[in-house]
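First the structure, in the form of structure tokens, and then the observations on it.
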Amino acid sequence: MLVRALFRPLASSGHRAGLGSLSALDPVQEALLSEPCILVDSMDKAVGTASKRDCHAMEGGTSPLHRAFSLFIFNEKDELLLQQRSDTKITFPSLWTNTCCSHPLATLDESEEGDAV
């Protein structure tokens with residue numbers, strides 16, 4: 001199966017987990033890394049905020065627990081749409097991953113949960 005082959009462990013992919021090289025960030029990437037993410041506990045209760053940079057910094061083999069989401073799109077033949085991340089991405093460059101992923105930001109517009117499912 002193609003999907004199994006693409007989802008091999010990060011250690012064997014040739015790429016480091018977490019932040020890639022930060023030596024030459026363009027202004028857009030630098031701005032994205034400063035966006036505020038929602039820190040959560042193991043029950044997904046918001047407990048604080050941290051920048052995307054801090055949320056993706058690996059320390060002792062782990063990073064701060066933060067709210068994120070992944071999207072998996074399948075067609076009528078049960079084929080999964082994958083994406084290969086850009087080689088200029090800060091986190092997990094060039095890795096084949098799920099269809100889409102992102103973070104709700106720790107802003108008033110994105111943290112309203114009144115009508116959440």
Side-chain angles (χ1 to χ4, degrees):
M1 308 243 26
L2 179 61
V3 172
R4 256 187 233 131
L6 295 175
F7 284 108
R8 60 188 181 276
L10 289 173
S12 67
S13 70
H15 296 288
R16 288 184 324 144
L19 295 176
S21 172
L22 299 177
S23 58
L25 295 180
D26 67 49
V28 172
Q29 290 181 9
E30 190 63 55
L32 292 172
L33 283 174
S34 68
E35 290 180 326
C37 291
I38 303 165
L39 296 175
V40 295
D41 64 15
S42 62
M43 299 299 291
D44 195 42
K45 179 182 177 210
V47 296
T49 64
S51 70
K52 281 185 187 176
R53 178 187 304 275
D54 291 342
C55 286
H56 291 125
M58 298 296 283
E59 191 169 310
T62 188
S63 61
L65 192 58
H66 59 283
R67 194 167 288 163
F69 60 88
S70 292
L71 181 66
F72 297 85
I73 297 178
F74 293 86
N75 66 13
E76 59 280 346
K77 294 191 259 181
D78 289 333
E79 295 171 324
L80 174 61
L81 176 62
L82 298 174
Q83 64 156 323
Q84 184 174 21
R85 294 175 61 83
S86 168
D87 60 359
T88 63
K89 285 295 242 182
I90 300 305
T91 53
F92 308 106
S94 303
L95 189 71
W96 283 94
T97 66
N98 55 325
T99 308
C100 174
C101 57
S102 193
H103 307 82
L105 299 179
T107 63
L108 185 57
D109 290 345
E110 293 196 29
S111 59
E112 292 286 323
E113 296 183 12
D115 294 328
V117 175

Heavy-atom side-chain contact between [X] and [Y] under 4.5 Å:
| X | Y | result |
| --- | --- | --- |
| I38 | H103 | no |
| R53 | E30 | yes |
| K52 | C37 | yes |

Q. Are F72 and W96 grouped together when hydrophobic residues (ILVMFWY) are joined by side-chain heavy atoms under 4.5 angstrom apart?
A.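 Hydrophobic grouping puts F72 with W96.
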List in chain and number order the residues that pass side-chain hydrogen bond (donor to acceptor under 3.5 Å, both in side chains) with [X], two or more places apart in sequence or in another chain; answer none if no residue qualifies.
| X | value |
| --- | --- |
| T88 | S86 |
| E79 | N75 |
| T62 | none |

Taking all heavy atoms of [X] and all of [Y], pick out the closest pair and write down the distance.
| X | Y | answer |
| --- | --- | --- |
| M58 | S63 | SD-CB, 4.0 Å |
| T97 | L82 | O-CD2, 3.3 Å |
| C101 | R85 | SG-NH1, 4.2 Å |

Q) Is L39 isolated, or which residues cluster with it under the ILVMFWY side-chain rule of less than 4.5 Å, directly or via members? A)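 Cluster partners of L39: V47.
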Q | Main-chain N/O of I73 paired to T99 side chain as donor or acceptor, under 3.5 Å | A | yes
Q) For S94, does its backbone N or O pair with a side-chain atom of Q84 as donor and acceptor, under 3.5 Å? A)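 Between the backbone of S94 and the side chain of Q84 there is a qualifying donor-acceptor contact (under 3.5 Å).
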Looking at residues at least two apart in the chain, or sitting in another chain, which of them share a side-chain contact (heavy atoms from CB on, under 4.5 Å) with [X]?
| X | value |
| --- | --- |
| S42 | none |
| S34 | none |
| K45 | D41 |
| L32 | V28, E35 |

Q.
What's the separation between atom SG in C55 and atom CZ in R67, rounded to the nearest 0.5 Å?
A.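 Atom-to-atom, C55:SG and R67:CZ are 12.0 Å apart.
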